[in-house]
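Notes to accompany the following structure.
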Amino acid sequence: MPIWDRLGADIAELDAAGLRRRRRTISERQGSEVLVDGRRAINFCANDYLSLADHPALTAAAIEGARHWGVGSGASHLVSGHFAEHEAAEKKLAALVGCEAALLFSTGYMANSGVMPALVGRGDAIFADRLNHASLVDGALLSRADLRRYPHADTAALERMLGESSAPRKLIVTDSVFSMDGDIAPLRQLFELAERFDTWLLIDDAHGFGILGPHGGGALRHFGIDSPRVLYIGTLGKAAGVSGAFVAGAHQVVEWILQKARTYIFTTGSPPLLAAAICAAADLVEASDDRRMHVAALIRQLRTGLRHPERLLASDTPIQPLIVGSNTAALALAAALFEEGLWVPAIRPPTVPQGSARLRISLSAAHRADQVDALVAAINRHSP
Ligand SMILES: *Cc1c(COP(=O)(O)O)cnc(C)c1O
C-alpha cells in the first residue's frame, strides 16, 4: 500500500472512535447569533467573552489602520516590519496588565512556543500542570528541557518535584484559567514556590486577560503578583476580540525574549492594522466592567438553572464545561442542541482526558438571559 493510502484507513478509524473533527462554516455573524451551515444558531462556542470581535470601534480602528498603513507589514519586526502601532499596543498592554514591558507575537501558540525555549534549554527543567494548553506542551518540547508534569493544580506534588530537582534553571508553567475546565490555577502558591526554589514562573492568561482582575487587567492584577521572575502571556483573539498575543514582564526579560524567541524573530510582523485594532481593544477591555458584570450574571443563571448542576465542573469563569463522558454521547448531545439552534462544542480526547468528553459552554457579553434560558431548558430536556 503506498504511504498516502494508509490515511484513508486512519481517518476511518478516527470516525469509528467518534474522534473525527469537522468544521462548520459561518456565513453571517451578529454578536452571538450566527448563520452556520445554513442554520440560525446562538453561538456558545466562542472565546469572544466580552463580545468585542465585531464591535464597531474595533472595526473602525482596523479600517483606519488599513487606510493609513496598508495591509502587510512587509518584513519581520527586527528587519523593517515594526510600526508605531505595534509600539503603541505594547505600551498599552504592558500598562493594562501591570508590567514594565510587553512584546507582541502573531499568535498565542507562537508566543508560548517561542518564550519557553528562550528561557530554558537542555539540562534545565520545566514543571508543568498536567492540564496545560497544548501550545505550552509544544513550547516545552521545543526547549529540549526536561519536562515534568504535575497533577492538576497540585502544589504539594510540585513542591516535592522542585525539591528533588538539581536542574540549573527551572521554569514553572501554567494556564491561569484552564481552557477546557474553566478553573483558576493557584497562582499565589505557585508564585511562592517559584520564589522559594528560584524559578521562572510563566503564566498563560489566554482566558483571564480581559476577564480577571480590576478592569480586566488579568491574572497578575487579580492575584497582586509583581515580580521580575514572572512572565505573563496574554492572547488577543479571545476576550480582546482581535488576534495575536503578547508576553509581558520586566524590561530585561522582555528584551531577552526579543533577542532569542525564534517565533518572534523568524516570522513576518503582524499587520499594523491589527496593532491598531489591538490598541482600540485594550481601551475597550479596560472600559468593559458592565460587560464583565453581565457575563457574571449569566454564569450564575446557567449554574442555578440546570437540573444536574453537579455535571458542571467547578468554574467561576465564562468557560462552563458540562461533563458527558463518552465521545459518542457528547457528540449526540451537541447534535441535538444544534438541531434546536444552540451551538455548543463537544470537546473530546486528546484535547481532554479519555472518558471526560464534555460540552464546553462559553458565555459571552453578547448573550441575553433568554438565550441562556433556552440553553438550560434544552439541556434539562435532553439529560434525564
Ligand atoms: C487559545 C490559547 C492559546 C493560543 O492562543 P492563539 O492566539 O489562539 O494561538 C494559548 N494558550 C491557551 C491557554 C489558550 O487557550
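Read the numbers this way: they start at 1 and go in the same order the structure lists the ligands and their atoms.
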query = What residue and atom, counting heavy atoms only, is the protein's closest point to atom 14 (C) of ligand 1, and at what distance?
reply = K238 NZ, 2.8 Å
message = Quick one about E340 and H382 (side-chain donor to acceptor, distance below 3.5 Å, no hydrogens or angles considered), yes or no?
response = yes
ask   = Looking at ligand 1, does S135 have a heavy atom less than 4.0 Å from it?
value = yes
ask   = Just which atoms of ligand 1 are under 4.0 Å from any heavy atom in H207?
value = 14 (C), 15 (O)
note = Contact region, T235 to ligand 1, non-hydrogen atoms below 4.0 Å, reads side chain
key: Closest candidate by heavy atom, reference atom 7 (O) of ligand 1, pool G108, S106, S179   = G108
task = Answer yes if the ring centres of F178 and H207 are under 6.0 angstrom apart, and no otherwise.
result = no
inquiry  = Are the side chains of I172 and D129 in contact, using a 4.5 Å heavy-atom criterion?
reply    = no
For ligand 1, the portion of A245 having any non-hydrogen atom under 4.0 Å away = neither
ask   = Which protein non-hydrogen atom lies closest to atom 4 (C) of ligand 1, naming both residue and atom, and how far is it?
value = Y109 N, 3.6 Å
query = Distance only, no hydrogens: is a donor on one side chain within 3.5 Å (strictly under) of an acceptor on the other, for D138 and Y109?
reply = yes
message = Do T351 and R21 pair up side chain to side chain, a donor and an acceptor below 3.5 Å, judged on atom types alone?
response = yes
inquiry  = Do D175 and H133 pair up side chain to side chain, a donor and an acceptor below 3.5 Å, judged on atom types alone?
reply    = no
request  = Please say whether the positively charged group of R196, taken as NZ for Lys or CZ for Arg, lies over the ring of F191, i.e. under 6.0 angstrom from the six-membered ring centre and within 45 degrees of the axis.
outcome  = no
request  = Can you sort out which atoms of ligand 1 are near D175, meaning under 4.0 Å from one of its heavy atoms?
outcome  = 13 (C)
Atom 11 (N) of ligand 1: the protein heavy-atom neighbour that sits closest, reported with distance to 0.1 Å = D204 OD2, 2.5 Å
ask   = How about R130 and Y150: do any of their side-chain heavy atoms sit closer than 4.5 Å?
value = no
query = Is N112 touching ligand 1 with its side chain, its backbone, both, or neither, if touching means heavy atoms under 4.0 Å apart?
reply = side chain
note = One finds that the ligand 1 atoms under 4.0 Å from a non-hydrogen atom of A206 are 2 (C), 11 (N), 12 (C), 13 (C), 14 (C), 15 (O)
message = So for M110, does at least one of its heavy atoms come nearer than 4.0 angstrom to any atom of ligand 1?
response = no
